[in-house]
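Here the structure comes first, spelled out in structure tokens, and everything after it is commentary.
We count residues from 1, following the sequence as given.
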Amino acid sequence: MRLGVLDVGSNTVHLLVVDAHPGARPLPAHSHKAELRLAQLLDEDGAISDAGIDRLVAVLQDALQAAEDKGCEDVLPFATSAVREAANADTVLARVQKETGLTLPVLTGEEEARLTFLAARRWFGWSAGKLLVLDIGGGSLEIAFGMDEDPDAAASLPLGAGRLTSAWLPGDPPDPTDVRALRRHVRAQIARIVGDFARHGGPDHVVATSKTFKQLARIAGAARSTEGLYVQRALTRRALEDWVPRLATMTSDRRAQLPGVSEGRAHQLLAGALVAEGAMDLFGVDELEICPWALREGVILRRLDHLPVAPRS
């Protein structure tokens, strides 16, 4: 069957169309993205503005039309931290349902972590042993750890790259004092939950998902995306520690010139790098591997798990 998964994130609204059936890996057939940056459309009370809701509704209508055009039998929508934490989330969801007919489920942070973990487990398989999975989004950082498909520990922290950039790094380039203050904040937040994971033992393999980690790995020398999904891509803490002070002195325009860094995300790359560096340091990770699958694939896989397997003819 052809499925569409519609991800309403803090930075983008992304429709991923896949051809899938139980027992097989989902094959991407089409991708439709719109940059929305919901986290930046909040008013002083933390509510998504009327203009922001209008824009969200229009983008969702376009995405649903694209899903229909591509022959999707079903669309699996979900929203993450930007909608979850908006002061007027109920109003936003009601407008979306009324004007698009779409019921938009809102995932909790822990659900995000668990679904992303499922995707990473399926990608790397059982031979990877105990997995530690890190995911930096626009609004939050998700962490999960375990041996099975459902992690033993999962957490979500308000340490997304977009959120932190807006709140802590107003300058371009940022003021060194602001960078240091954000570094302290990030590490204090992560340190609070390290013990919850440490009691389960150490990981056999550490992986990371998300655009932030992919861009950091690319500027540190990892293979281009055009070289395919199956090329191993890694990021070391040493390389990250070398890049963080360099990113801190760059303007957004200069960061956008780095390999693999998009213009739309260049402004928040430093905040993402500080979160990545803090997580790797506090969890004692010297190197991690980039996982091509993440939350969207986790949502698809969970749906496929609940479909009956058709008998072979």
Side-chain angles (χ1 to χ4, degrees), residues 1-9 11-35 59-60 62-80 102 104-105 107 111-128 131 133-135 137 142 144 148-151 205 207-215 217-218 222-234 260 262 289-313:
M1 65 188 303
R2 176 160 284 193
L3 293 173
V5 59
L6 184 52
D7 176 358
V8 180
N11 288 311
T12 61
V13 173
H14 186 180
L15 170 72
L16 177 65
V17 177
V18 299
D19 292 321
H21 63 269
R25 65 186 177 91
L27 295 175
H30 178 70
S31 179
H32 176 92
K33 291 182 184 180
E35 221 174 64
V59 166
L60 289 175
D62 288 345
L64 291 171
Q65 184 62 56
E68 179 182 322
D69 292 344
K70 294 301 177 182
C72 290
E73 295 182 40
D74 198 5
V75 175
L76 312 176
F78 65 88
T80 56
L102 184 71
L104 185 61
L107 298 180
E111 286 172 332
E112 283 190 58
R114 290 183 177 279
L115 287 165
T116 302
F117 184 90
L118 170 64
R121 170 57 73 195
R122 293 283 177 90
W123 181 268
F124 288 105
W126 300 115
S127 63
L131 282 180
V133 179
L134 307 173
D135 177 69
E142 274 69 50
D148 300 319
E149 292 198 336
D150 191 41
H205 196 51
V207 302
T209 69
S210 77
K211 196 71 171 179
T212 293
F213 272 114
K214 290 175 182 177
Q215 290 185 342
R218 179 71 185 98
R224 300 169 182 265
S225 59
T226 53
E227 295 184 36
L229 289 179
Y230 301 105
V231 176
Q232 186 179 33
R233 295 171 174 87
S262 64
E289 186 174 355
I290 304 300
C291 179
W293 282 2
L295 177 58
R296 284 182 289 274
E297 287 78 10
V299 170
I300 294 168
L301 291 166
R302 179 59 75 223
R303 169 62 184 276
L304 293 176
D305 286 347
H306 291 87
L307 292 178
V309 178
R312 292 184 180 273
S313 57

Closest non-hydrogen atoms of C291 and V207, given as atom of the first, atom of the second and distance, are CB-CB, 4.5 Å
With a 4.5 Å heavy-atom cut-off, do L131 and W123 have their side chains touching? no
Inter-residue atom distance H32.NE2 - D62.CG, 0.5 Å rounding: 5.5 Å
Interatomic distance, L27 atom CG to D19 atom CG [nearest 0.5 angstrom]: 6.5 Å
Under the criterion side chain to side chain donor-acceptor pair (under 3.5 Å), which of R302, R114, R121, R122 is the partner of E149? R122
Answer yes or no: is there a donor N or O on one side and an acceptor on the other, between the side chain of R224 and the main chain of G260, under 3.5 Å? no
Between OG1 on residue T80 and CD on residue E111, distance to nearest 0.5 Å: 12.0 Å
Please walk me through it: do E289 and F124 pass side-chain contact (heavy atoms from CB on, under 4.5 Å)? CA-CA 10 Å; E289 186 174 355; F124 288 105; 3.5 Å; yes
Could you tell me which non-hydrogen atom of L3 sits nearest to which non-hydrogen atom of C72, and how far apart they are? C-SG, 3.9 Å
So which heavy atom on A34 is nearest to which on V59, and how close? CB-CG1, 3.7 Å
Using every non-hydrogen atom in the two residues, find where L304 and A24 come nearest and quote the distance to one decimal. CD1-O, 4.5 Å
Is F78 close to L295 at the side-chain level, that is, under 4.5 Å between some pair of heavy atoms? yes
Which pair of heavy atoms, one from L301 and one from A119, lies closest together, and at what distance? CD1-CA, 4.0 Å
Rounded to the nearest 0.5 Å, how far apart are CZ of F117 and CG of L134? 11.5 Å
Verdict with supporting geometry, R2 and H30, side-chain contact (heavy atoms from CB on, under 4.5 Å): CA-CA 10 Å; R2 176 160 284 193; H30 178 70; over 6 Å; no
Minimum heavy-atom distance L15-A66, with the two atoms named: CD2-CB, 3.9 Å
Give, for atom CG of D150 and atom CG of L115, the distance between the pair rounded to the nearest 0.5 Å. 9.5 Å
With side-chain contact (heavy atoms from CB on, under 4.5 Å) as the test, would you mind laying out the steps for R25 and W293 before giving the verdict? CA-CA 11 Å; R25 65 186 177 91; W293 282 2; 4.0 Å; yes
CG/L64 to CG/D69 distance, rounded to the nearest 0.5 angstrom? 11.0 Å
Is the side chain of R296 donor-acceptor paired with the backbone N or O of A294 at a distance under 3.5 Å, no angle test? no
Name of the residue among L102, L60, L107 meeting side chain to side chain contact (heavy atoms under 4.5 Å, CB included) with V8: L60
Applying side-chain contact (heavy atoms from CB on, under 4.5 Å) to Q215 and S262, what does each step give before you reach the verdict? CA-CA 9 Å; Q215 290 185 342; S262 64; 3.5 Å; yes
